[in-house]
Every structure is written in C-alpha cells, then in structure tokens.
Amino acid sequence: MLVITVSPFLWQLSTSLKSLQEDIYTGTPSFWPERPTLSNYAEVAETIPVWSYAVNSLIVAAIVVAGNAAGATLAGFALAKLRFRGVKLLLGLFLATLVLPAEVTIISQYVTVRSLGLADTLLGVALPGAIGMLNVLLMRTAFQAIPPEMDEAAIIDGATAWQRLRHVGLPNVRGMLSVVTIFAFIGAWDDFLWPLIVLTDPDNYTLTVGLQYLNGTFSANPRLIAAGTMISFLPIVIVFAVLQRFFFKGVEEGAIKG
Amino acid sequence: MTHHRWFTPWVLVAPAAVWLFVFSVWPAINTVVLAFTNAKPLGGGHFTGLANFERALSDAQLVDALVNSIVFMLVCLPLLTMLPLLIAILVEKKLPGITFFRTAFYTPVVASAVVVALIWGWLLDDRGLINGLAQGLGVVTTPVPFLTERWLLLFSAISLTVWKGLGYYMIIYLSALGNVRRELHEAAAVDGAGPVRRFWSVTVPGVRNTMLLVSVLVSVSALRVFSELYVLSNGTGGPGGRDMSLVMLIQLYGRGFTGHLGYASALSLLLLVVTLGPMLALLRLNRKAA
C-alpha cells in the first residue's frame with residue numbers, strides 16, 4: 001500500500017535528477033539516475049521565473065494564514081463565549097455558506113475582486129480566503145469546549161473579554177488553531193482554480209498556475225516539469241512533516257467529527 | 001447578565017462578518033442576478049430572462065460535462081467510501097512507526113492537485129513509465145492512450161482522484177473507529193465471528209454515520225472536479241473538448257476579457273443544484289435511520 005502512495009513522488013524526484021544524456025523513455029526504466037544532476041532545477045528557472053512564483057505563492061499563503069489565525073480566532077471566541085443580539089442569525093449565515101461549493105460563486109467572486117481593483121494582483125488571490133467561514137465555525141467549536149466554570153472564575157476576578165480570550169481561551173484552543181493554520185497554508189499553497197481566474201499576467205503567477213503554464217506552453221522536457229513539481233511539492237511536504245504532530249493531535253481532539 | 005461592553009462582541013466578529021457578506025453572501029446573490037443577464041467583463045449586463053438557461057439546454061458540451069461528472073461520481077463513490085475504511089482499520093492498530101505510515105498516506109492529500117496531475121501525467125504519458133513497462137514486458141505493443149482517448153482520460157483522472165483522496169478519508173475514519181467500542185469486537189470474537197463477519201456486523205454499523213458523511217463529501221467533491229482533468233488534458237478538455245467537467249466549463253466561460261459572465265453564472269447555479277442532490281440524499285437517509 002505504501003508503495004502505491006509514495007512511489008509516484010519518488011519517480012518524479014528521480015526524473016527531475018536525470019541528465020539530458022540519460023534516456024528517460026525506455027522499456028527498462030532505471031530508478032536511480034545514472035549521473036544525478038541539479039541542472040534541471042537551474043534550467044526550469046530559466047524557462048519560467050519559478051522562484052518568483054514560489055515567492056508569490058508564499059505571499060498569498062502568508063496573508064491567508066495570518067488572516068485566518070486572527071479573524072477566525074476573534075470571531076470564533078465572540079460567537080462561542082459572548083452574548084449579543086443577532087448571534088443566532090450570524091451563526092446561521094456562517095453555517096449556510098458551508099453547503100455552497102466555492103466553485104458556484106467563483107465567477108461573481110471574480111467580479112467583486114475586479115471591482116475592488118484587485119484583478120491580476122496577489123492581494124486579489126489572497127483576500128477572499130483570508131477568513132474562511134469553516135475556520136470561524138471550527139474555532140467556535142474549540143472555544144465552546146472550554147468549561148464555563150473557567151470563564152466564570154475569570155469574570156469574578158474582573159477579567160475583560162480581551163483578557164478572557166488571551167488567558168483562558170487561547171491556551172485551550174491551540175490544537176484547533178494549529179489545524180486551522182496548517183490547513184490554511186496548504187489550501188493557499190495548493191490552490192489552482194482561483195489564482196488561474198484572477199491572474200492574467202504570467203509575471204504574477206503563483207506556483208500551481210506557473211507549473212501548468214510550463215506544462216502547457218513548454219511541454220517538451222519531462223525533466224523540467226519534474227523539477228518544477230518538486231519545487232512546489234517539497235516545501236509543503238517539509239512543512240507538513242514538521243507540523244504533522246500538531247496536526248494529527250488537533251484532528252484527534254475533534255477537528256473532524258463524524 | 002453580560003460582563004462586557006455591548007460593542008465588544010461586534011468588534012471581535014466584525015472582520016469575519018465583513019468577509020461573510022463581501023465574499024460569501026454577496027457573491028451568492030450576485031450569481032443568481034448575473035445568471036439572468038448577458039453580463040460581460042466590459043459592458044453588457046442587461047436582463048435577458050431565461051436566455052442563458054435556454055442556451056444551456058442546447059449546449060452539447062454541457063451534456064458531455066454532466067455525463068462526465070456523473071460517471072466521475074459513480075466510480076469515486078464506492079471506491080472512496082470503502083477503501084479508506086479498510087486502510088484505516090489496518091492503520092488503526094498501534095504499531096511501531098504508525099506515525100510514519102499515517103504521514104505517508106497523507107502526503108498525496110497535502111500535495112496540490114496540479115502537482116499530482118503533473119506526476120500522473122508523466123507516469124501515464126505515451127512514453128512514460130507505465131507504458132514503458134507495459135511495452136517492455138510485452139503486455140501491449142503500442143502505447144495505451146491514457147491521456148488522449150475520451151474515456152481513458154476520464155478514468156485516469158478518476159484514478160488519481162481516488163489515489164489522492166485515500167489519506168483524507170482515512171483520517172476521518174480513524175477518528176470514527178476510535179469510538180467503536182472494543183467490547184463489541186471482543187464479544188463477537190468470543191461468539192466465533194471471523195474478521196470478515198466482525199467487519200460487516202460490528203465495524204460497519206459502528207461507523208455508519210461517518211460512512212454517510214464520507215459518501216456525501218466524496219460525491220460533492222467528485223462533482224466539483226477541476227484541476228485533475230484540466231492539467232491531465234493540458235487545459236484542452238481532452239479530445240474534442242469532450243472531457244470537460246462542469247467547473248471547467250464555468251472557468252472557460254467566466255474567465256478573461258471575453259468571458260460570458262452571465263452564462264457562466266447560469267452554469268454555476270446548475271452546479272449548485274447538482275451538488276445539492278447528494279446532500280439531500282444524506283438528510284433522507286439520516287431521517288430514515290432515526
């Protein structure tokens with residue numbers, strides 16, 4: 001089973017390290033490159049500005065992660081722990097958005113972004129996803145799991161809402177917060193359809209759109225495409241491998257309940 | 001009794017509420033409005049009644065796209081509801097190195113669909129690994145046209161969707177399996193039930209609700225397929241554009257300066273109707289069970 005999951009990635013890595021002299025179209029393929037070389041990585045950077053695409057993806061992901069960490073936490077706390085008029089209506093609207101697939105509104109989303117003057121900009125790519133409705137609801141669930149007695153104790157001690165969020169809330173929602181931020185990063189880094197719609201100038205592309213551009217426009221050499229996919233794939237795998245402890249722990253704490 | 005100033009909750013909730021209205025509620029309303037107009041990026045936007053929907057009725061490419069989406073869903077549904085459950089049962093046992101296995105299965109999930117499709121595009125290429133091996137071993141004499149024949153391309157996209165989805169649904173099943181009571185398994189084992197019998201009589205009823213949830217998630221995401229087909233077909237939608245999905249059509253019509261925003265919005269509404277099907281089916285099944 002593991003072979004099925006991992007081997008396609010390894011084959012791509014192997015292809016990306018094979019030199020131009022090595023025949024990659026053969027009936028007896030060899031997994032180990034004869035003379036491993038990094039020249040494909042240098043060459044892909046000459047074909048498309050792959051490093052600036054990586055920076056673009058990183059900028060988008062950073063905005064999305066920061067926006068969700070802040071926006072979803074604040075709103076989740078207010079919806080779970082503070083009483084105010086209209087909270088039920090607001091909650092209902094947040095829930096209602098969940099049955100609406102993103103692709104259904106993607107065209108009018110583009111109309112909105114364009115009328116804000118953000119067509120063909122990275123901010124236009126990042127902005128709509130900067131506070132995810134699902135993330136608000138996930139953070140609300142996490143805050144709700146905190147026993148009310150802890151809040152009452154803080155209130156009796158004269159804590160303000162802000163102090164309750166900082167000293168009672170945040171320490172108890174770290175698991176969910178890590179799930180939300182990891183998912184936000186992965187989602188932004190991997191997204192394809194939305195940046196494909198928003199971005200028109202090849203200079204502004206993110207990595208995913210840039211890779212398809214490479215594949216569609218300069219499709220000659222599989223070694224180059226392999227090198228490009230590895231540039232997109234390796235960072236996300238490293239980020240995930242480093243953070244997977246927090247991720248699976250957060251999931252077990254109840255991020256996804258059946 | 002409240003212990004905070006009246007505006008405090010609103011200050012905290014304001015950013016999310018602004019996003020809710022600007023990037024969810026308003027685009028939803030605007031999609032409905034645009035669907036009844038001939039809007040284009042530059043000009044247009046006049047009310048045209050049902051013209052977009054009439055056009056959809058006679059759109060041959062749309063019929064292909066709907067057929068593709070439904071085939072996609074019908075093949076993914078059993079595979080992605082059952083396979084991840086079986087893997088989750090295998091992975092659930094507390095073995096040494098389990099973290100490694102879990103992460104390995106999750107790797108295709110964290111990879112972008114574009115990356116996965118490019119990798120599989122190379123594997124399935126006329127001169128790629130799979131055709132190379134098959135020819136080398138003498139299984140076939142000419143390359144199998146995985147990416148250039150209508151149905152083969154569709155099934156290639158389905159295979160990579162299944163491959164990419166295994167880990168995601170496995171994680172959902174893992175948290176559900178933790179709630180199936182161990183005593184039930186032990187009691188069934190004492191009564192002489194073998195592993196297969198225990199799977200159908202203890203595990204499946206125990207995770208029944210999760211299976212329903214997974215089957216809806218699988219169906220809806222199959223109906224929303226885009227990147228896999230787009231990248232495998234290099235943006236062309238396959239031979240004669242017959243491998244388009246519904247979302248590919250929306251993208252095709254909605255994008256760029258010559259886009260038909262009105263028609264793309266009408267197709268978006270159609271997508272919403274189609275995806276509501278599995279969700280309503282779940283509600284019905286749940287009610288029957290209750």
Side-chain angles (χ1 to χ4, degrees), chain A residues 1-2 5-6 8 11-12 15 25-29 71 74-75 77-79 82-84 90 93-94 97 99-101 103-105 107-112 128 131 133 136 155 161 186 190 192-193 197 208 211-212 215-216 222 225-226 229 232-233 236-237 240-241 244 248 251-252 256 258, chain B residues 2-4 8-9 12-13 15-17 19-20 23-28 30-31 34 87 102-105 107-108 110-115 118-119 122-123 127 129 132 135-136 171-172 175-176 209-210 213 220 224 226-227 231 234-235 247 250-251 254-255 261 264-265 268 271-272 275 279:
Chain A
M1 284 308 299
L2 202 62
T5 315
V6 177
W11 180 246
Q12 193 80 345
T15 305
Y25 312 108
T26 154
T28 51
L74 296 177
F77 174 74
L79 290 170
L82 305 178
R83 270 174 279 170
F84 59 104
L90 209 53
L93 281 172
F94 278 114
T97 61
V99 300
L100 200 66
E103 292 83 356
V104 169
T105 54
I107 294 304
S108 56
Q109 192 84 273
Y110 175 59
V111 174
T112 304
I131 302 179
M133 301 301 124
V136 172
I155 292 167
I186 294 174
D190 287 350
F192 177 55
L193 175 57
I197 290 178
T208 52
L211 283 178
Q212 168 54 31
N215 180 45
I225 294 169
T229 51
S232 166
F233 174 65
I236 199 91
V237 165
F240 186 71
Q244 55 92 12
F248 286 118
V251 168
E252 273 160 19
I256 303 160
Chain B
T2 51
H3 307 277
H4 48 76
T8 311
L12 296 178
V13 99
W19 254 253
L20 172 70
F23 295 112
S24 273
V25 176
W26 167 243
N30 202 24
T31 302
L34 286 172
I87 298 172
R102 232 171 21 176
T103 312
F105 272 113
T107 306
V110 300
S112 166
V114 174
V115 165
L118 287 173
I119 291 176
W122 169 224
L123 285 174
R127 301 189 291 170
L129 180 65
Q135 281 175 293
I171 294 294
I172 299 183
S175 62
N209 283 333
T210 309
L213 174 75
V220 172
R224 293 164 57 186
F226 173 75
S227 311
V231 176
N234 225 333
V247 177
I250 293 173
Q251 187 268 153
R255 194 186 173 202
L261 300 175
S265 300
S268 304
L271 177 69
L272 176 63
T275 54
M279 294 191 210

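Note that these values count all heavy atoms, side chains included, but never hydrogens, waters or copies made by symmetry. Every chain is numbered from 1 and lettered A, B, ... according to where its sequence line falls, protein lines coming before strand lines.
Contact count versus chain B (heavy atoms, under 4.5 Å) is highest, among A:A241, A:P128, A:S232, for A:P128. Ranked by non-hydrogen atom pairs under 4.5 Å with chain A, the options B:I119, B:L34, B:N30 are led by B:I119. Interface check for chain A: of the options B:V220, B:T8, B:V231, the most heavy-atom pairs under 4.5 Å are formed by B:V231. Each of A:T229, A:V6, A:I131, A:I236 has some count of heavy-atom pairs under 4.5 Å with chain B, and the biggest count is that of A:I131. The candidate with the highest count of non-hydrogen atom pairs below 4.5 Å against chain A, out of B:P15, B:P108, B:A264, is B:P108. Contact count versus chain A (heavy atoms, under 4.5 Å) is highest, among B:V25, B:T275, B:V114, B:L123, for B:V114. Of the listed residues (B:A17, B:S227, B:A113), the greatest number of heavy-atom pairs within a distance under 4.5 Å of chain A belongs to B:S227. Contacts with chain B were tallied for A:D190, A:L93, A:T105; A:D190 has the most, counting heavy-atom pairs under 4.5 Å. Interface summary for chain B: among A:T97, A:L193, A:L79, the most heavy-atom pairs under 4.5 angstrom belong to A:L193.
The heavy-atom pair separating A:G71 from B:A16 by the smallest distance is O-CB, 4.4 Å. The minimum heavy-atom distance linking B:S24 with A:L100 is given by the pair O-CD2, 4.5 Å. Residues A:I107 and B:G254 share a closest heavy-atom pair of CD1-CA, 3.5 Å. When all heavy atoms are compared, the tightest approach of A:S108 to B:P27 is OG-O, 2.7 Å. Minimum interatomic distance between A:L211 and B:V115 (heavy atoms only, all atoms of both residues): CD1-CG2, 4.2 Å.
The shortest distance between side-chain heavy atoms of B:L12 and A:L82 falls below 4.5 Å. Side-chain atoms of B:W122 and A:I225, non-hydrogen and from C-beta on, never get closer than 4.5 Å to each other. For the pair A:L90/B:L20, a side-chain contact is recorded, criterion being any heavy-atom separation below 4.5 Å from C-beta on. Contact annotation: the side chain of B:V13 never approaches that of A:L74 to less than 4.5 Å [non-hydrogen atoms, C-beta and beyond]. Side-chain atoms of B:N234 and A:Q212, non-hydrogen and from C-beta on, do get closer than 4.5 Å to each other.
With a 4.5 Å cut-off on non-hydrogen atoms, A:T112 touches chain B through its side chain but not through its backbone. Only the side chain of B:V247 comes within contact range of chain A, with heavy atoms under 4.5 Å apart. If you measure heavy-atom distances from A:F77 to chain B, the contacts under 4.5 Å come from the side chain alone. Contacts between A:I186 and chain B at a heavy-atom distance below 4.5 Å involve the side chain alone, from C-beta outward. Interface residue A:E103: backbone and side-chain heavy atoms are both found under 4.5 Å from chain B. Residue contact with chain A, scored on non-hydrogen atoms closer than 4.5 Å, involves the backbone and the side chain of B:F105 alike. If you measure heavy-atom distances from A:V136 to chain B, the contacts under 4.5 Å come from the side chain alone. In this structure, chain A has heavy atoms under 4.5 Å from both the backbone and the side chain of B:L272.
The backbone N or O of B:F23 lies less than 3.5 Å from a partner atom in the side chain of A:Q109, making a donor-acceptor pair.
With 3.5 Å as the limit, one finds no donor-acceptor pair spanning the side chains of B:S112 and A:T208.
Scanning for side chain to side chain contact (heavy atoms under 4.5 Å, CB included) contacts around A:V99 gives B:M279, with sequence neighbours left out.
Here CZ of A:F192 is found 7.5 Å from CD of B:Q251. Values are rounded to the nearest 0.5 Å.
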